[in-house]
Amino acid sequence: MKKYIFLASIQVLSALGLLAQTAKSDIPLQLLATRSWIRVDLDDNQPNMTGTKVFWAKTNKKPQTANAILADGARRYYIQQVDPETAYYIWVESATGKSLANGKVHTSKTWQLDDMELGEVQKNPSSRAVPLGMEVYWQDEFNDRLLNRNKWTTNYFSSLNYLNEKSKQEMLQNQLPQPAYTLDGSAINLYVNDTIPKCIFTEGGNQKISSIQTYDWKTNENLLDNSKGGYFEVKVRRNRQGNPKGTNTAFWFDSPGPDIRYYLQEGAEVDGIKGIRPKGQLFEIDVFKYITAQFVIHGHVDTKGVFQRNLPTHIAEGYEHVGQWVTHGVLWTPTSVKHYINGDLIKEYDDKNQIYSPNHFMNVFLGTYGSEGGVNMEVDYIRAYNWPLRDGNELPNPDFEGKAGLKPWEGEGTIAEDIGEKGSKALVLAQGKKIEQYIYLDPAQQFNLRYWGRGGSIAVTVDDVKVVSGELSNLKQQTLELGKKGKKQEINFVTGQEINPNKKIVRIAFTNTGKETIYLDNITVKKK
């Protein structure tokens with residue numbers, strides 16, 4: 001079981017912007033505010049908090065009577081039914097009326113990394129599949145008793161539902177069936193059974209659905225910007241009772257709305273909606289579906305909007321899924337999709353002339369499906385990792401100082417100590433050798449590529465990459481002699497056009513074209 005981590009310093013919250021002000025306290029107080037609730041945490045080491053009073057208001061005037069009184073053994077309290085984007089003042093008193101702590105929070109509608117959750121990564125580590133050097137940029141440990149609506153919507157809807165008129169109207173009228181789930185402070189349990197949810201999701205179907213997702217079709221609100229991909233991992237345990245129909249448990253990614261332009265292929269038009277997805281690019285990734293945990297990449301749709309077949313699919317043999325805690329991961333890069341179970345690489349799709357990867361954000365789902373029996377999926381955590389980017393730089397591992405060594409650069413370079421711009425590590429590129437990196441950048445933008453280098457002749461190329469085929473279109477090229485002393489070099493370029501809000505895939509490459517060794521350091525790409 002997980003154990004909550006209680007910070008001993010209110011100053012940490014001030015740095016996170018969660019606590020705007022606080023009085024001197026006899027007990028540490030931590031506050032986390034979401035659009036629908038405020039979490040009040042008290043020090044785990046207090047001997048007895050029974051009867052502690054909690055007050056709150058939208059003005060800095062404490063109510064005369066307590067809004068809540070803590071029960072025996074309570075260390076945490078949730079203030080519910082709050083207004084989003086609103087300031088709340090909170091006071092905590094002992095049962096005898098002694099002031100213990102107070103603070104002010106803002107109920108933001110956006111999520112932010114929480115130190116409590118980040119601490120769980122150390123206590124309950126992810127699998128070994130996490131690429132060395134990547135860092136968590138979004139997560140849910142499901143340690144709360146309430147669903148974090150800054151991260152999830154319960155309005156289940158996908159691109160495949162759009163052409164079902166009944167489901168579409170339910171979505172537009174905000175009448176979508178809601179999921180059945182429980183949160184026990186350690187995991188979320190998404191379930192269906194004979195009584196809950198009350199009805200089959202679509203008329204004529206055989207599935208009740210209990211699911212949460214990161215994009216809301218009706219409001220066109222995206223709760224997770226994962227448009228630059230990364231590594232995503234969940235830890236789940238699945239079960240079924242009886243012999244339910246339509247049994248499915250799934251962790252998957254789907255193209256967003258507000259219509260089906262990403263579902264339809266280029267050249268297709270349905271109900272006045274023109275497709276924008278290039279043929280051969282995915283519109284859906286099922287990291288696992290069914291009890292067999294089948295991995296599927298969907299992509300073939302006809303001109304009438306009817307789904308035809310998968311792109312690739314596979315089932316990993318030798319893994320037991322029912323009743324077992326299992327980790328499932330997917331690494332999504334600008335040119336590849338890789339599948340992992342329990343840290344093992346199962347399959348990789350990394351042909352640079354057949355790029356399945358999307359170049360836009362994807363809607364993330366966790367769901368349980370079935371009827372006439374019981375199906376459930378417990379989710380311990382979901383975590384998203386990516387390469388850390390700092391100071392406006394958009395090129396991962398710019399200085400070769402990270403634990404990952406050369407990655408995510410590809411090529412035949414090596415790394416050596418004490419030879420970089422300021423005596424740091426640097427890349428060593430022997431005669432005829434090359435390194436390259438594919439990244440997502442905003443389209444139609446001016447960028448500046450800077451690097452430090454010394455040695456012989458170098459060719460630097462910046463290319464737009466065509467989705468699916470990987471065809472390169474040169475944006476800028478530079479050939480020069482670096483010299484023996486080493487100095488800063490730069491190239492300005494403009495990325496090509498794309499459909500908003502899609503990203504451009506760009507390739508950055510360095511080639512040693514001379515006879516002398518080249519040394520490179522501090523390679524950055526920044527918007528001008």
Side-chain angles (χ1 to χ4, degrees), residues 17 110-113 131 133-138 222-231 256 276 332-335 355 357-362 384-402 404 406-410 420-422 424 426-427 435-453 458-467 470-480 487-511 520-528:
T110 59
W111 59 269
Q112 53 192 309
L113 289 175
M134 281 193 177
E135 297 177 359
V136 171
Y137 74 91
W138 179 84
N222 179 27
L223 301 175
L224 172 59
D225 182 7
N226 55 12
S227 55
K228 292 192 175 183
Y231 175 76
I276 64 172
W332 152 22
T333 79
T335 60
I355 301 172
S357 308
N359 57 333
H360 52 82
F361 82 85
M362 296 287 280
Y385 291 78
N386 218 327
W387 300 101
L389 300 175
R390 297 180 176 90
D391 302 322
N393 172 44
E394 300 194 40
L395 186 69
N397 195 8
D399 54 12
F400 310 103
E401 297 287 340
L406 189 63
K407 293 181 180 178
W409 292 95
E410 301 175 83
E421 182 176 10
K422 296 181 179 179
S424 60
L427 178 88
I435 62 163
E436 63 182 15
Q437 188 176 160
Y438 288 74
I439 58 175
Y440 288 114
L441 294 177
D442 287 339
Q445 293 282 332
Q446 293 185 4
F447 286 89
N448 176 253
L449 166 63
R450 301 192 72 188
Y451 64 97
W452 176 94
I458 192 169
V460 184
T461 56
V462 182
D463 300 303
D464 263 349
V465 181
K466 188 174 182 179
V467 292
E471 180 183 343
L472 302 178
S473 300
N474 187 250
L475 296 175
K476 215 59 175 291
Q477 186 161 343
Q478 179 188 77
T479 302
L480 51 78
K487 60 183 293 189
K488 286 282 191 183
Q489 309 288 346
E490 63 179 302
I491 305 173
N492 295 319
F493 65 94
V494 179
T495 50
Q497 299 288 330
E498 249 297 353
I499 297 169
N500 187 49
N502 292 8
K503 301 290 185 183
K504 286 298 295 186
I505 303 174
V506 175
R507 171 182 173 266
I508 310 291
F510 294 82
T511 305
L520 299 173
D521 195 10
N522 296 324
I523 308 171
T524 61
V525 173
K526 297 184 180 183
K527 283 183 181 177
K528 291 195 69 177

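This chain uses plain numbering: 1 for the first residue, then up along the sequence. These figures come from a predicted structure and were not determined experimentally.
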field: Carboxylate-amine/guanidinium contact R390 E401, below 4.0 Å
entry: no

- prompt: Aromatic rings W138 and W111: how do their planes relate, parallel, tilted or perpendicular, breaks at 30° and 60°?
  reply: perpendicular

Within-4.5 Å side-chain heavy-atom neighbours: E421 and K488: yes

- prompt: Atom CZ in R507, atom CD in E436: separation rounded to 0.5 Å?
  reply: 4.5 Å

field: Close side-chain approach of N522 to D399, heavy-atom, < 4.5 Å
entry: yes

- prompt: Looking at side-chain heavy atoms only, is the closest gap between D442 and K503 below 4.5 Å?
  reply: yes

query: Hey, is the main chain of G420 close enough, under 3.5 Å, to the side chain of W452 for a donor-acceptor pair?
result: no

message: If you compare all heavy atoms of I491 against all heavy atoms of K476, which two are closest, and at what distance to 0.1 Å?
response: CG2-CG, 3.3 Å

- request: Heavy atoms only: give me the nearest E490-Q478 pair and the separation to one decimal.
  value: O-NE2, 3.2 Å

Minimum heavy-atom distance M362-P358, with the two atoms named: CG-CG, 3.9 Å

task: Output the distance between atom CD1 (I439) and atom CZ (F447), rounded to the nearest 0.5 Å.
output: 7.5 Å

query: Between atom CG of D463 and atom CD of E471, what is the distance when rounded to the nearest 0.5 Å?
result: 10.5 Å

query: Ignoring hydrogens and geometry, is there a side-chain-to-backbone donor-acceptor pair from T495 to A444 under 3.5 Å?
result: yes

Spatial distance of atom OG1 (T461) from atom CG (L472) [nearest 0.5 Å]: 8.0 Å

Atom of D521, atom of A426 and distance for their closest heavy-atom approach: CB-CB, 4.3 Å

- prompt: What is the distance from atom CD1 of I435 to atom CG of L427, rounded to the nearest 0.5 Å?
  reply: 4.5 Å

- prompt: Taking the side chain as C-beta and beyond, is there a heavy-atom pair between N397 and W387 under 4.5 Å?
  reply: no

- prompt: Between K526 and D391, is there a donor-acceptor pair closer than 3.5 Å when you use the side chain of the first and the backbone of the second?
  reply: yes

- request: Examine distances only and state if a side-chain atom of N386 and a backbone atom of Y137 form a donor-acceptor pair shorter than 3.5 Å.
  value: no

- request: Measure the shortest side-chain to side-chain distance between T335 and S357 over non-hydrogen atoms and say whether it is less than 4.5 angstrom.
  value: no

query: Is the closest side-chain heavy-atom distance between W409 and L520 below 4.5 Å?
result: no

task: Answer yes or no: is there a side-chain heavy-atom contact under 4.5 Å between I505 and V467?
output: yes

message: Can you tell me how far apart CG (N226) and NE2 (H360) are? Round to the nearest 0.5 Å.
response: 10.0 Å

field: Distance-minimising heavy-atom pair for L224 and F361
entry: O-CD1, 4.3 Å

- request: Give a yes or no on whether the backbone of Y440 and the side-chain of N359 come within a donor-acceptor separation of less than 3.5 Å.
  value: no

Contact check, side chains of I523 and F400, non-hydrogen atoms, under 4.5 Å: yes

